[in-house]
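When a residue number appears, it is its place in the shown sequence, counting from 1. Values below: all heavy atoms of this structure, side chains included; hydrogens, waters and symmetry mates excluded.
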Amino acid sequence: MYYIVGEHGMSETNRKGFEDCSGSIGIFDEEEWNSELELLKEFSLRREDGDVFFCKLENHASYLFGMFHIPVKKKERKSFNFAVYILKDRLIFIEEESYIENLVCGMQKKIGDEPYTIGQFLGDFFMTLVEEDTLYLASLEREIANMEEIILRGETEHFHYRMLGIKKEISRLYCYYSQMTDVGESLMAWDGACSRFIERVDRMKQEAQSLREYAMQVQDVYQSEISIHQNNVMKFLTVVTTIFLPLTLIAGWYGMNFYNMPELSWKYGYPVVSGISLIILIVCLWFFRKKKFF
């Protein structure tokens with residue numbers, strides 16, 4: 001698809017209008033772009049090292065060339081890649097699918113008939129790329145908050161796996177926003193019309209950093225809950241050990257079976273020792289209960 005931006009906003013055009021007019025925008029898929037190499041032979045979209053997993057804008061003598069990997073932000077959507085050539089009077093997008101085409105078509109409906117420039121289009125285009133990111137970051141924050149509530153309720157099953165997934169997602173977004181910040185600075189040096197985009201991406205980068213710290217705090221809460229649980233278990237074992245320690249002493253003492261121990265031949269020896277053991281048990285239980293050890 002081809003578009004022209006100018007005094008009457010943004011309008012769709014044909015191939016001839018794209019080639020002849022300044023302020024034109026062309027969107028190609030890879031097959032179309034391969035057939036257009038005669039127009040710009042020095043450009044090439046394909047990379048020798050495979051797929052793109054970064055966002056980068058390179059500054060050349062007469063143009064900017066960028067390759068972008070936009071991460072998925074909803075479960076029902078997937079990540080997408082595209083490349084862009086930014087010249088003084090035109091833009092060329094190359095993509096594998098039709099995401100950029102649909103995005104630019106939606107932008108055209110919002111622009112209206114006011115005068116419009118390539119620089120304004122670039123600013124609005126990159127702003128549209130991160131338009132839903134604020135809501136997505138808010139959903140991640142809610143997910144972390146829900147995990148914190150689950151921990152406080154004592155439901156810690158599979159916590160590490162879930163938190164690891166969230167931390168990896170936040171790290172991925174933080175890296176993405178850092179790269180997009182560099183892209184915005186390159187665009188500012190080229191045209192100067194992307195200041196709002198830089199401010200937006202910088203805010204989302206800070207938000208991602210805040211979410212990373214929040215996730216670490218929740219993980220610390222989890223570790224504290226695990227420590228408290230382990231301390232309770234150790235306290236219970238200590239109480240049980242302390243209660244049965246006197247009984248173990250009595251059992252060991254009378255288990256020696258020396259010949260001259262008078263209790264061995266006394267007919268009331270067994271009931272008396274059993275009663276003493278019961279009394280010791282009751283006294284220990286009463287003492288620990290009074291001290292609120294259990």
Side-chain angles (χ1 to χ4, degrees), residues 1-3 5 10 18 22-30 32-34 36-37 39-73 79-104 107 116-134 171-209:
M1 296 186 68
Y2 308 100
Y3 297 89
V5 297
M10 182 176 176
F18 168 73
S22 61
S24 57
I25 302 169
I27 304 173
F28 301 86
D29 59 28
E30 287 197 29
E32 292 174 332
W33 182 246
N34 287 334
E36 301 297 330
L37 290 180
L39 176 64
L40 293 169
K41 291 183 179 179
E42 69 272 22
F43 297 151
S44 176
L45 169 65
R46 293 195 176 275
R47 288 169 44 86
E48 297 180 357
D49 55 349
D51 295 332
V52 179
F53 293 101
F54 58 86
C55 300
K56 184 178 181 180
L57 194 62
E58 299 176 351
N59 196 337
H60 297 270
S62 58
Y63 66 93
L64 296 179
F65 171 66
M67 300 191 74
F68 295 86
H69 173 79
I70 308 301
V72 61
K73 302 181 185 68
S79 303
F80 64 94
N81 303 328
F82 71 93
V84 59
Y85 293 100
I86 304 175
L87 294 86
K88 286 296 184 182
D89 60 345
R90 70 187 59 198
L91 301 175
I92 300 173
F93 291 96
I94 307 100
E95 62 175 342
E96 296 178 357
E97 300 180 6
S98 58
Y99 183 85
I100 300 299
E101 182 178 328
N102 296 333
L103 189 147
V104 174
M107 290 176 59
Y116 205 58
T117 65
I118 288 289
Q120 289 175 314
F121 173 84
L122 280 173
D124 292 342
F125 172 80
F126 282 100
M127 284 287 288
T128 305
L129 286 180
V130 297
E131 188 174 21
E132 299 179 355
D133 289 32
T134 302
S171 178
R172 183 174 67 116
L173 291 174
Y174 183 82
C175 182
Y176 166 63
Y177 295 136
S178 297
Q179 294 172 0
M180 292 299 275
T181 300
D182 295 337
V183 169
E185 291 174 353
S186 298
L187 291 173
M188 280 288 292
W190 178 264
D191 186 86
C194 294
S195 58
R196 288 193 306 120
F197 171 70
I198 294 177
E199 294 174 359
R200 172 72 66 85
V201 173
D202 187 62
R203 286 198 304 271
M204 288 187 293
K205 179 182 175 182
Q206 295 176 8
E207 179 66 21
Q209 178 63 27

| said: Could you check whether any side-chain N or O of E101 sits under 3.5 Å from a backbone N or O of M1, counting only pairs where one atom can act as donor and the other as acceptor? | reply: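 Flag not set: sc E101 to bb M1 has no pair under 3.5 Å.
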
| said: With heavy-atom distances below 4.5 Å as the criterion, would you say the side chains of E95 and F80 are in contact? | reply: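 No. Closest side-chain heavy atoms not under 4.5 Å.
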
| Quick one: OG on S171 to CD on Q209, what's the gap to the nearest 0.5 Å? |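 It comes to 10.0 Å.
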
| field | Residue pair P71 / L173: nearest heavy atoms and the distance that separates them | value |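 For P71 and L173, the tightest heavy-atom pair comes out as CG-CD2, 4.4 Å.
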
| Got a sec, which residues hit side-chain contact (heavy atoms from CB on, under 4.5 Å) with K56, two or more places apart in sequence or on another chain? |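 For K56, the residues satisfying side-chain contact (heavy atoms from CB on, under 4.5 Å) (neighbours in sequence not counted) are F54, E58.
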
| request: For the residue pair L187 and I86, establish whether any side-chain heavy-atom pair is separated by less than 4.5 Å. | output: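 Of all side-chain heavy-atom pairs linking I86 with L187, at least one is under 4.5 Å.
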
| query | If you take all heavy atoms of M188 and S195, which pair is closest and at what distance? | reply |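 Reported closest heavy-atom pair: SD-N, 3.5 Å.
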
| query | Excluding sequence neighbours, so at least two apart, what forms side chain to side chain donor-acceptor pair (under 3.5 Å) with Y177? | reply |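 Y177 satisfies side chain to side chain donor-acceptor pair (under 3.5 Å) with D133 only.
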
| said: I'd like to check the ring pair (Phe, Tyr, Trp, His ring centres under 6.0 Å) partners of F126; sequence neighbours left out, ordered by chain and number. | reply: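 Expected list: F68, F197.
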
| said: With rounding to the nearest 0.5 angstrom, report the CG to CD1 distance, D89 to I118. | reply: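 Output value for this atom pair is 8.0 Å.
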
| request: Kindly write out the residues that satisfy side-chain contact (heavy atoms from CB on, under 4.5 Å) with T134, not counting sequence neighbours, or none if the list is empty. | output: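 Result, side-chain contact (heavy atoms from CB on, under 4.5 Å) vs T134: M204.
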
| field | side-chain contact (heavy atoms from CB on, under 4.5 Å) assessment of V5 paired with Q120 | value | CA-CA 10 Å; V5 297; Q120 289 175 314; over 6 Å; no

| said: What's the separation between atom OH in Y85 and atom CG in L64, rounded to the nearest 0.5 Å? | reply: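 Interatomic distance, Y85 OH to L64 CG, rounded to 0.5 Å: 12.0 Å.
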
| Could you give the distance from NZ (K205) to SG (C175), rounded to the nearest 0.5 Å? |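 So the gap between those two atoms works out to 10.0 Å.
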
| task | List the atom of V130, the atom of V201, and the distance in Å for their closest heavy-atom pair. | result |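 Reported closest heavy-atom pair: CG1-CG2, 4.5 Å.
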
| field | Nearest-0.5 Å distance, CZ of residue F93 to CD1 of residue I100 | value |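 The CD1 atom of I100 is 6.5 Å from CZ of F93, to the nearest 0.5 Å.
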
| task | Only counting residues at least two apart or in another chain, list the ones meeting side chain to side chain donor-acceptor pair (under 3.5 Å) with D202. | result |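 D202: side chain to side chain donor-acceptor pair (under 3.5 Å) contacts with Q206.
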
| If you take all heavy atoms of H69 and C55, which pair is closest and at what distance? |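 For H69 and C55, the tightest heavy-atom pair comes out as O-SG, 3.3 Å.
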
| said: In the structure I gave you, are the side-chain heavy atoms of L129 and F82 within less than 4.5 Å of one another anywhere? | reply: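 SC-SC contact between L129 and F82 confirmed.
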
| Partners of T128 by side-chain contact (heavy atoms from CB on, under 4.5 Å), sequence neighbours excluded? |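 Scan of T128 (side-chain contact (heavy atoms from CB on, under 4.5 Å), adjacent residues dropped) gives L103, M107, E131.
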
| Out of curiosity, Y2 OH to F28 CZ, how far, rounded to the nearest 0.5 Å? |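 Between atom OH of Y2 and atom CZ of F28 there are 4.0 Å.
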
| field | With sequence neighbours excluded, residues passing side chain to side chain donor-acceptor pair (under 3.5 Å) with E185 | value |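 In terms of side chain to side chain donor-acceptor pair (under 3.5 Å), with neighbours along the sequence ignored, E185 is linked to no residue.
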
| request: Identify, with sequence neighbours excluded, every residue that meets ring pair (Phe, Tyr, Trp, His ring centres under 6.0 Å) alongside Y176. | output: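 Ring pair (Phe, Tyr, Trp, His ring centres under 6.0 Å) list for Y176, sorted by chain: empty.
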
| said: Tell me every residue that passes salt bridge (charged side-chain N to carboxylate O under 4.0 Å, His left out) with R203, counting only those two or more places apart in sequence or in another chain. | reply: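 Listed in chain order: nothing, the list is empty.
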
